[in-house]
Amino acid sequence: GSESYQQYTVTCPDMPRPRKRLTELLVKTADAVGSEPATGSRKEWGLRFLRSPVAFLCDQQRRKVSGVKLEINKLEGDPLSARAVGTGHFETLDCSLALRSIGYKTKPVDKDVPFDPKGGIIPNLNGYVSTGLYCSGWVKTGPIGVILSTMNDAFETADTILNDLQHGNLPTPSDSGDVLELLFTLPGLHPTSFSDWKLIDQVEQSHGRPKGKPREKVTSLEMMMNIIRTHSAQN
C-alpha cells in the first residue's frame, strides 16, 4: 500500500531533479502494483525496500536455490544522504530463481591519491581532487544513480577542469606524450590496442550466441590476454 512509501515521497520535493523523477516513478509503480486487484495472472512483481541479501538458501538435495535470506535495514542520517544499516533482524524470501547483480566498490589506485575506504570514493569537490588531478563516475560519487546521473556527473567534472584551465590553475605539462609511450615498454606491462579489444569482443559474442545471448562476458584478465596472444601467434 501507499503507506509503505510515505518516507520516500516526503523527501521528493528536496531531491535533485534526476533522482526526484526516478524516485517518483518507483513509488508510483510500487503503489499501482500494490493497489491493483488480482487479474488471475500467476505472475506479479513488487519492490522491497530496505532489504540486503545475506545468503542463498538451497533445497534438501542441495541442487537448486529455494530462497534468499534478507536482513531488514533502516535508514540513518539526513533523508537526502541517508544510508541503509542492518538491524540484525532477518526474513526469508522463498524462490526458485535468483539473479545476482554485479556489485561495485572502488579500490585505492595509488598511495599518493587520497581515498575514503568507507565510502569507496576519492574525496573531491565537484570532481577536483588536487592540483591537476580530477575524478568522475562512481569513484567520485559512489555506486549511485542511473546513466543520466553518470553523464551529468562527468559534465560537472569537465566544467571544473575548464574553469581551472581558464583561470590558470592547471600546471603546464613538463613532458610530452612520448613519455607515455616509453612507459608501455617497461617490463611486465602489456598494453592492448583497440584491435585487441575487438578480438575479445568477437569471442564474447561467439560464446553468447549458442545461449541466445548478445555475448558471454570474459571476466578473467588472463583469459583476455590469452585471446590476444593466441591471435598474435596465429598471425
Side-chain angles (χ1 to χ4, degrees), residues 5-30 47 49-52 73-85 100-177 179-181 183-184 191-194 197-198 200-201 214-215 217 219 221:
Y5 308 106
Q6 287 302 315
Q7 57 181 312
Y8 306 99
T9 309
V10 168
T11 62
C12 274
D14 301 321
M15 287 183 175
R17 187 168 177 269
R19 186 185 295 186
K20 178 182 177 182
R21 291 178 60 190
L22 180 61
T23 304
E24 289 176 337
L25 176 62
L26 288 172
V27 172
K28 179 181 178 181
T29 305
L47 297 172
F49 295 101
L50 298 178
R51 299 294 187 272
S52 292
N73 299 323
K74 63 179 180 179
L75 293 177
E76 289 188 350
D78 181 81
L80 292 182
S81 59
R83 292 189 175 275
V85 296
R100 185 178 66 178
S101 177
I102 299 175
Y104 174 91
K105 188 171 184 180
T106 308
K107 297 180 180 179
V109 294
D110 189 278
K111 61 181 181 62
D112 294 325
V113 176
F115 187 73
D116 174 12
K118 184 176 181 180
I121 63 171
I122 295 176
N124 67 91
L125 178 61
N126 298 328
Y128 172 85
V129 179
S130 59
T131 302
L133 182 62
Y134 303 83
C135 64
S136 184
W138 284 355
V139 75
K140 171 185 173 184
T141 63
I144 60 174
V146 293
I147 293 177
L148 178 61
S149 309
T150 305
M151 183 177 67
N152 288 332
D153 168 70
F155 290 159
E156 180 184 69
T157 298
D159 286 340
T160 300
I161 296 173
L162 288 174
N163 183 69
D164 285 349
L165 184 63
Q166 292 168 357
H167 289 81
N169 296 329
L170 286 177
T172 302
S174 57
D175 299 310
S176 67
V179 175
L180 187 59
E181 294 185 11
L183 288 176
F184 288 158
T192 57
S193 65
F194 180 63
W197 175 84
K198 291 176 68 175
I200 298 172
D201 181 52
R215 66 179 64 246
K217 290 292 294 180
T219 58
L221 178 59

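Quick caveat, the model's predicted, so the values are computed rather than measured. Residues: numbered from 1 along the sequence shown.
- Shown here are the side chain to side chain contact (heavy atoms under 4.5 Å, CB included) partners of Val85, two or more places apart in sequence or in another chain: Lys74, Glu76.
- Looking at residues two or more places apart in sequence or on another chain, you find a side chain to side chain contact (heavy atoms under 4.5 Å, CB included) between Leu148 and Pro18, Val146, Met151, Asn152.
- Annotation for Pro143 and Trp138: closest pair CA-CD2, 3.4 Å, computed over non-hydrogen atoms.
- Here CG of Leu170 is found 8.5 Å from OG1 of Thr131. Values are rounded to the nearest 0.5 Å.
- When side chains are defined from C-beta on, Leu75 does not count as touching Arg83, because their heavy atoms never get closer than 4.5 Å.
- Of all heavy-atom pairs between Ala154 and Ser136, the closest is CA-OG, 3.4 Å.
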Inset, instruction - Might you work through the side chain to side chain contact (heavy atoms under 4.5 Å, CB included) test for Val129 and Lys140, ending with a clear yes or no? - result: CA-CA 9 Å; Val129 179; Lys140 171 185 173 184; over 6 Å; no

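- A distance of 11.5 Å separates NE2 of His167 from CG of Leu162, quoted to the nearest 0.5 Å.
- Side-chain contact between Val109 and Phe115: absent, with no pair of heavy atoms (C-beta onward) separated by less than 4.5 Å.
- The ring pair (Phe, Tyr, Trp, His ring centres under 6.0 Å) search around Tyr134 returns Tyr128, not counting sequence neighbours.
- With hydrogens and angles ignored, the 3.5 Å screen pairs a side-chain donor or acceptor of Asp153 with a backbone N or O of Gly137.
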Legend entry - Asn126/Thr160 under side chain to side chain donor-acceptor pair (under 3.5 Å): CA gap, chis, key distance, verdict: CA-CA 7 Å; Asn126 298 328; Thr160 300; 5.1 Å; no

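- Looking at every heavy atom in both residues, Ala84 comes nearest to Leu50 through CB-CD2, 4.4 Å.
- Nearest heavy atom pair, residue Gly142 against residue Ile121, reads N-CG2, 3.4 Å.
- Atom OG1 of Thr192 and atom CD1 of Ile200 lie 6.5 Å apart (nearest 0.5 Å).
- Although no hydrogens or angles enter the test, the distance criterion places no donor-acceptor pair under 3.5 Å between the side chain of Asp116 and the main chain of Pro123.
- Separation of atoms CG (Leu133) and CG (Asp110) is listed at 9.5 Å; rounding is to 0.5 Å.
- Counting heavy-atom neighbours within 6.0 Å of Leu165 CG, excluding the residue itself, gives a total above 12.
- Scanning both residues, Cys135 and Ile122, for their nearest heavy atoms gives SG-O, 4.1 Å.
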